[in-house]
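First up is the structure itself, then whatever we jot down about it.
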Amino acid sequence: MIRKTVTRNKAKFLEYNEIRKELFTEYSPRDSELILYLLPWLLSVNQPGCPGYIRGFDNPFTVCQVDQDREIRKREEQFKDMFGVQERDSLLLPKYEGAPVEGIYTIGSIGTISQTFDSDCDIWVCYDQKRLNRPLVKALHQKVKLIGEWLDKNCRIPVHFFVLEIDDIVNCRFGSVDDQSSGSTQTHVLKEEFYRTCVVICGKIPLWWVCYDVGKDVAYERVLNDVSSQPVWADEFIDMGNLESVEESEYFGAALWQLNKALERPLKSIIKMLLLKMQLDASHEELVCHKFRQHIMIKKNENMIPDPSVFSMIFILGYYQSKRDVGTILFIKEC
């Protein structure tokens, strides 16, 4: 039963993930090409002339599943020409031959209706400390920094990288996750946002996304145990930990933080603040990321595009309509 559920949910998540990529491509044709396809390729090669090249580094990284990604393989000759690489064969190593990077993910508004002309792109580069020793972790940070510097010069969208270890994500230890850091205090809120808004650029699917079945209680730990015991799934899913609730104090602190962020991006901040206020008022209810996952898995409304920002706005309006709070509804619509 678990195998059938996981297989079905994996297919639905990949379909949804592809739609998010297509939206990103529609909004930002050139920049999406660099972020969705060139970035995982650059992380997986170590060639002179290529951004991210580390001299004397003999153990290239391999982003999980990068060698199986048809869109990246289709573009590899173009990428080699871009940087003057003369090698005829593919530079992508087969799985298990390079130092593994578990996955690359976006978090936030990229590929949603909230993406605007001045949106930035936050990217999580995730690794497992059990598979990378300290020198390799140091090299990964160096490589990401070098690629980031090239993207700063060649990508219109500002790209911010966060190199994160899997156990830290499982335990919600995020530390400084942006330049004005709130990650050390808004841990579970950040994880909720990640699960609700993430796009898998390349790599493993967050296991949380497939732990759902209509009308049934699907225990995260049981799915984790079953997936871990199946070698065929070893490169399919990543355990970033379950998320069932968020402390009220964290909702409150995160809402206050949006007062600061609203000075830069008022539309996104009003949506986030209303979501946080709504969850603070009903902290005993199911998290919004769970409701969005259910929406993607069962597609109750075929007319509503699978967009976390659209879902959040409709969900907020529905909540305040149920409260018959006409004044707040009018305020939200005006915003």
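Bear in mind that the values here come from a model prediction, so they are computed numbers and not experimental data.
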- Message: Is there a continuous path of hydrophobic side-chain contacts, each under 4.5 Å between heavy atoms, that joins V125 to F162?
- Response: no

- Task: Using a 4.5 Å cut-off on heavy atoms from C-beta on, say whether the side chain of Y220 contacts that of L207.
- Result: yes

- Taking only residues two or more places apart in sequence or in another chain, which ones pass side-chain hydrogen bond (donor to acceptor under 3.5 Å, both in side chains) with E192? R196

- Task: May I ask you to decide if H290's main-chain N or O and Q294's side chain share a donor-acceptor pair within less than 3.5 Å?
- Result: no

- Message: Determine whether E149 and K145 satisfy the following criterion, salt bridge (charged side-chain N to carboxylate O under 4.0 Å, His left out), listing intermediate values before the conclusion.
- Response: CA-CA 6 Å; E149 290 172 351; K145 181 175 182 293; 2.7 Å; yes

- Query: Cation over ring, R8 on Y212, under 6.0 Å and within 45°?
  - Reply: no

- Message: Strictly distance-based, threshold 3.5 Å: is any side-chain N or O of N17 a donor or acceptor partner for the main-chain N or O of F13?
- Response: no

- Task: Answer whether the closest heavy-atom distance between the side chains of W233 and R3 falls below 4.5 Å.
- Result: yes

Got a list of side-chain donor-acceptor pairs under 3.5 Å for residues 310-322, not counting sequence neighbours?
| unit_1 | atom_1 | unit_2 | atom_2 | d |
| --- | --- | --- | --- | --- |
| S312 | OG | P308 | O | 2.7 |
| S322 | OG | Y319 | O | 2.5 |

- Flag yes if I201 and W41 sit in one hydrophobic cluster, no otherwise; membership is Ile, Leu, Val, Met, Phe, Trp, Tyr, and two members link when side-chain heavy atoms are under 4.5 Å apart. yes

- Are any non-hydrogen side-chain atoms of M278 and V288 less than 4.5 angstrom apart? yes

- Query: For the hydrophobic clusters of this structure (ILVMFWY residues joined by side-chain heavy atoms under 4.5 Å, transitively), does one cluster hold both Y53 and V144?
  - Reply: no

- Note on the structure: Note: I166 and D239 closest approach over all heavy atoms is CG2-O, 3.2 Å

- Any link between L287 and I169 through a network of hydrophobic side chains (Ile, Leu, Val, Met, Phe, Trp, Tyr) touching at under 4.5 Å? yes

- Between W209 and F292, how do the two ring planes meet: parallel, tilted or perpendicular, split at 30° and 60°? perpendicular

- So E193 and K272, side chain to side chain contact (heavy atoms under 4.5 Å, CB included) or not? Walk me through it. CA-CA 10 Å; E193 181 184 1; K272 287 185 176 182; 3.1 Å; yes

- Would you check if the side chain of R20 reaches a backbone N or O of P306 as a donor-acceptor pair within less than 3.5 Å? no

- So M240 and Y105, side chain to side chain contact (heavy atoms under 4.5 Å, CB included) or not? Walk me through it. CA-CA 12 Å; M240 293 179 162; Y105 311 87; 3.7 Å; yes

- Is the closest side-chain donor-acceptor distance between T112 and S109 under 3.5 Å? no

- Within a strict 4.5 Å, meaning less than it, do heavy atoms of the I296 and E15 side chains meet? no

- Message: Closer than 3.5 angstrom, by distance alone: can the side chain of E286 be matched with the main-chain N or O of K291 as a donor-acceptor pair?
- Response: no

- Query: Can we say E165 and R173 salt-bridge, meaning some charged N sits less than 4.0 Å from an Asp/Glu carboxylate O?
  - Reply: no

- Aromatic plane relationship, Y195 with W208 - under 30° parallel, 30 to 60° tilted, over 60° perpendicular: parallel

- Query: With a 4.5 Å limit on heavy-atom distance, are the side chains of F79 and V85 in contact?
  - Reply: no

- Message: Donor-acceptor pair, distance only, cut-off 3.5 Å: does the side chain of K204 make one with the backbone of G103?
- Response: no

- Describe, in one word, how the ring planes of W124 and F174 are oriented to each other, choosing from parallel (under 30°), tilted (30 to 60°) and perpendicular (over 60°). tilted

- Query: Distance-only, no hydrogens or angles: does the K191 side chain make a donor-acceptor pair with backbone N or O of V170 under 3.5 Å?
  - Reply: yes

- Are any of the side-chain nitrogens in R73 or D69 under 4.0 Å away from the carboxylate oxygens of its partner? no

- Message: Using modelled atom types and a 3.5 Å cut-off, is there a donor and acceptor pairing between side-chain atoms of S44 and backbone atoms of T62?
- Response: no

- Inspect the contact between K80 and E77 and indicate whether a charged nitrogen and a carboxylate oxygen are less than 4.0 angstrom apart. yes

- Query: Considering only heavy atoms from C-beta outward, does the side chain of K143 approach that of N46 to under 4.5 Å?
  - Reply: yes

- Item | Stepwise salt bridge (charged side-chain N to carboxylate O under 4.0 Å, His left out) test for R75 and E71 | CA-CA 6 Å; R75 292 166 169 81; E71 294 301 319; 2.7 Å; yes

- Query: Is any side-chain heavy atom of E18 closer than 4.5 Å to a side-chain heavy atom of L14?
  - Reply: no

- Indicate, with yes or no, if V232 and V6 share a hydrophobic cluster defined by side-chain heavy-atom contacts under 4.5 Å among Ile, Leu, Val, Met, Phe, Trp and Tyr. yes

- Task: Answer whether the closest heavy-atom distance between the side chains of L34 and W150 falls below 4.5 Å.
- Result: yes

